[in-house]
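Take a look at the structure below.
Naming: A, B, ... by sequence-line order, numbering from 1 per chain.
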Number of protein chains: 2
Amino acid sequence: MGVPLYRTKAEFFRTLGHPARIRILELLSERDHAVHELLEQIAIEPSNLSQQLAVLRRTSLVVSRREGTAVVYSISAPEVRDLLMSARRILVGLAESRSDFEDELVVSPLAPDRAAG
Amino acid sequence: MGVPLYRTKAEFFRTLGHPARIRILELLSERDHAVHELLEQIAIEPSNLSQQLAVLRRTSLVVSRREGTAVVYSISAPEVRDLLMSARRILVGLAESRSDFEDELVVSPLAPDRAAG
DNA sequence: TCACGACATGAATACTTCTTCAATTGCTGT
DNA sequence: ACAGCAATTGAAGAAGTATTCATGTCGTGA
């Protein structure tokens with residue numbers, strides 16, 4: 001146990017900090033996908049996808065197996081699904097409180113037109 | 001709603017992807033803290049702490065208020081606490097499955113004593 | 001109002017991480 | 001064994017993020 005947990009956590013979150021990797025994890029948390037299937041869903045170059053998959057493999061978040069001509073990926077920690085959902089909940093909450101606030105501005109006594117952000 | 005959710009999620013996780021910011025959120029999820037209190041707990045330079053707090057403020061994860069001479073921070077989304085805990089669970093799980101595998105290697109026929117993780 | 005302590009900001013340099021390209025490996029069918 | 005598709009790798013330049021230093025702001029108490 002040389003590395004403090006908050007450091008490991010930060011590293012973990014950084015791994016999640018890329019749109020393509022989020023998409024990959026979302027897709028894999030539904031079911032296993034071959035690389036070419038991921039490629040259909042995510043609009044990036046094959047080699048870029050491979051790079052992102054490599055990042056996820058390094059942190060053991062996903063594992064791959066070869067099935068004939070295809071390589072199939074699956075998620076190692078199904079709990080990631082909950083994590084993504086709970087992130088969504090937080091984001092929706094933050095977005096709401098921000099637009100609530102904008103509403104309040106608009107609802108002031110003699111409020112002139114105030115463009116929405 | 002111009003920005004796809006997976007992009008926003010990635011951005012969100014990137015803001016969590018720094019040891020100091022994780023520490024800050026952990027501390028704030030227990031109770032509000034003044035900047036000088038955070039400074040006592042986290043071993044970084046004051047101006048660096050300010051920078052990290054600024055990052056968290058930009059994403060509305062924390063808010064600050066002035067109290068006399070001090071500036072007090074609090075967390076906007078208490079659910080962040082759950083998120084951090086569920087991240088911990090995933091990390092522990094991944095770490096265990098990795099060392100299980102190492103154990104298997106060690107657990108050959110004449111397995112010697114096995115130290116607990 | 002002046003000086004001081006508590007924080008924040010801007011800007012520069014040093015790192016990391018992204019994206020893309022060219023080259024490579026591993027199967028499958030012939 | 002070879003052609004051809006699927007996926008990966010390494011490397012290089014572009015883009016983004018971290019850390020630090022010098023400076024600026026905002027209250028408080030003398």
Side-chain angles (χ1 to χ4, degrees), chain A residues 3-4 6-25 27-28 31-76, chain B residues 3-4 6-25 27-28 31-76:
Chain A
V3 184
Y6 59 85
R7 213 166 244 294
T8 312
K9 270 186 206 162
E11 214 174 301
F12 170 69
F13 284 125
R14 247 185 293 125
T15 309
L16 299 185
H18 188 290
R21 296 197 293 264
I22 293 286
R23 288 304 319 282
I24 293 169
L25 291 172
L27 290 167
L28 293 186
R31 60 169 180 80
D32 293 2
H33 280 71
V35 173
H36 68 268
E37 291 175 315
L38 293 172
L39 215 39
E40 279 167 21
Q41 305 293 321
I42 309 175
I44 59 178
E45 297 208 4
S47 76
N48 194 352
L49 178 58
S50 260
Q51 299 277 10
Q52 305 308 337
L53 287 169
V55 172
L56 294 173
R57 258 184 290 127
R58 257 173 246 138
T59 58
S60 306
L61 270 171
V62 304
V63 294
S64 66
R65 62 178 184 279
R66 183 173 274 276
E67 270 180 20
T69 178
V71 176
V72 177
Y73 277 81
S74 51
I75 204 161
S76 328
Chain B
V3 185
Y6 60 85
R7 213 166 244 295
T8 313
K9 272 187 202 161
E11 213 175 301
F12 170 69
F13 285 125
R14 247 184 294 123
T15 57
L16 300 185
H18 188 289
R21 296 197 290 264
I22 292 286
R23 292 287 286 126
I24 293 169
L25 291 172
L27 291 167
L28 294 186
R31 61 170 180 78
D32 293 2
H33 281 71
V35 174
H36 67 267
E37 292 175 314
L38 293 173
L39 215 38
E40 280 166 19
Q41 306 291 322
I42 309 175
I44 58 178
E45 297 207 5
S47 75
N48 195 351
L49 178 58
S50 260
Q51 299 276 13
Q52 305 308 337
L53 287 170
V55 172
L56 294 173
R57 255 184 292 127
R58 257 173 247 138
T59 58
S60 307
L61 270 170
V62 305
V63 293
S64 66
R65 62 178 183 278
R66 182 172 275 277
E67 269 181 19
T69 179
V71 175
V72 177
Y73 277 81
S74 50
I75 205 161
S76 328

Q: Can you see which heavy atom on I42(A) is nearest to which on A20(A), and at what distance?
A: CD1-O, 4.2 Å

Let me have the donor-acceptor pairs involving side chains of residues 64-72 of chain B, under 3.5 Å, with sequence neighbours excluded, atom names and distances please.
{"unit_1": "R65(B)", "atom_1": "NE", "unit_2": "E67(B)", "atom_2": "OE2", "d": "2.9"}
{"unit_1": "R65(B)", "atom_1": "NH1", "unit_2": "D32(B)", "atom_2": "OD2", "d": "3.2"}
{"unit_1": "R65(B)", "atom_1": "NH2", "unit_2": "D32(B)", "atom_2": "OD2", "d": "3.1"}
{"unit_1": "R65(B)", "atom_1": "NH2", "unit_2": "E67(B)", "atom_2": "OE2", "d": "3.3"}
{"unit_1": "R66(B)", "atom_1": "NH1", "unit_2": "G68(B)", "atom_2": "O", "d": "3.4"}

(Q) For S76(B), give me all partners under side-chain contact (heavy atoms from CB on, under 4.5 Å), at least two apart in sequence or on another chain. (A) L94(A), V63(B)

Q) How long is the gap from CD1 on I75(B) to NE2 on H33(B), to the nearest 0.5 Å? A) 11.0 Å

Q) Does anything in residues 53-65 of chain B reach DNA chain D, meaning a heavy atom under 4.0 Å, and if so which residues? A) none

**Q.** DNA chain D: 5'-most and 3'-most nucleotides touching chain A, 4.0 angstrom heavy-atom criterion
**A.** dA6(D) to dA11(D)

Q | Closest non-hydrogen atom pair, L16(B) against L61(B) | A | CD2-CD1, 4.1 Å

Q) When rounded to the nearest 0.5 angstrom, what is the spacing between CD1 in I24(B) and CG in L53(B)? A) 4.5 Å

Under 3.5 Å between N/O atoms: give me all the protein pairs with nucleotides 21-24 of chain C, atom names plus distance.
{"unit_1": "dC21(C)", "atom_1": "N4", "unit_2": "S47(A)", "atom_2": "OG", "d": "3.1"}

Q: State which residues pass side chain to side chain donor-acceptor pair (under 3.5 Å) with E40(A); sequence neighbours excluded, sorted by chain then number.
A: none

Q: Rounded to the nearest 0.5 Å, what's the gap from CD on E45(B) to CD on Q51(B)? Could you check?
A: 11.0 Å

Pairs under 3.5 Å (N/O, protein and nucleotides 12-17 of chain C):
{"unit_1": "dT17(C)", "atom_1": "OP1", "unit_2": "R14(A)", "atom_2": "NH1", "d": "3.0"}

Q: Using heavy atoms and a sub-4.0 Å distance, could you list which residues of residues 66-74 of chain B are near DNA chain D? By number, please.
A: R66(B), G68(B)

Q) For L28(B) and S74(B), which heavy atoms make the closest approach, and how far apart are they? A) CD1-C, 4.3 Å

Q. When rounded to the nearest 0.5 angstrom, what is the spacing between CG in L39(B) and CG in L49(B)?
A. 5.5 Å

Q. Taking DNA chain C as the partner, which of residues 31-39 of chain A come within under 4.0 angstrom of it by heavy atom?
A. none

Q. Within this structure, what is the CD1-to-C1' distance between I44(B) and dA8(C), rounded to whole angstrom?
A. 14 Å

Q) Which side chain to side chain donor-acceptor pair (under 3.5 Å) pairs, counting each pair once, include a residue from residues 52-61 of chain B, with sequence neighbours left out? A) R98(A)-S60(B), R21(B)-Q52(B), N48(B)-Q52(B), R57(B)-Y73(B)

(Q) Looking at every non-hydrogen atom in both residues, tell me the closest pair between V55(A) and T15(A) and how far apart they are. (A) CG1-CG2, 4.0 Å

Q.
For E37(A), give me all partners under salt bridge (Lys or Arg N to Asp or Glu O under 4.0 Å), at least two apart in sequence or on another chain.
A. R31(A)

Ignoring hydrogens and angles, write down the donor-acceptor pairs under 3.5 Å from the side chains of residues 6-14 of chain B, residues two or more places apart or on other chains.
{"unit_1": "T8(B)", "atom_1": "OG1", "unit_2": "P4(B)", "atom_2": "O", "d": "3.3"}
{"unit_1": "K9(B)", "atom_1": "NZ", "unit_2": "E26(A)", "atom_2": "OE2", "d": "2.7"}
{"unit_1": "R14(B)", "atom_1": "NE", "unit_2": "G17(A)", "atom_2": "O", "d": "3.2"}

**Q.** Closest non-hydrogen atom pair between L38(A) and L27(A), with its separation
**A.** CD2-CD1, 3.9 Å

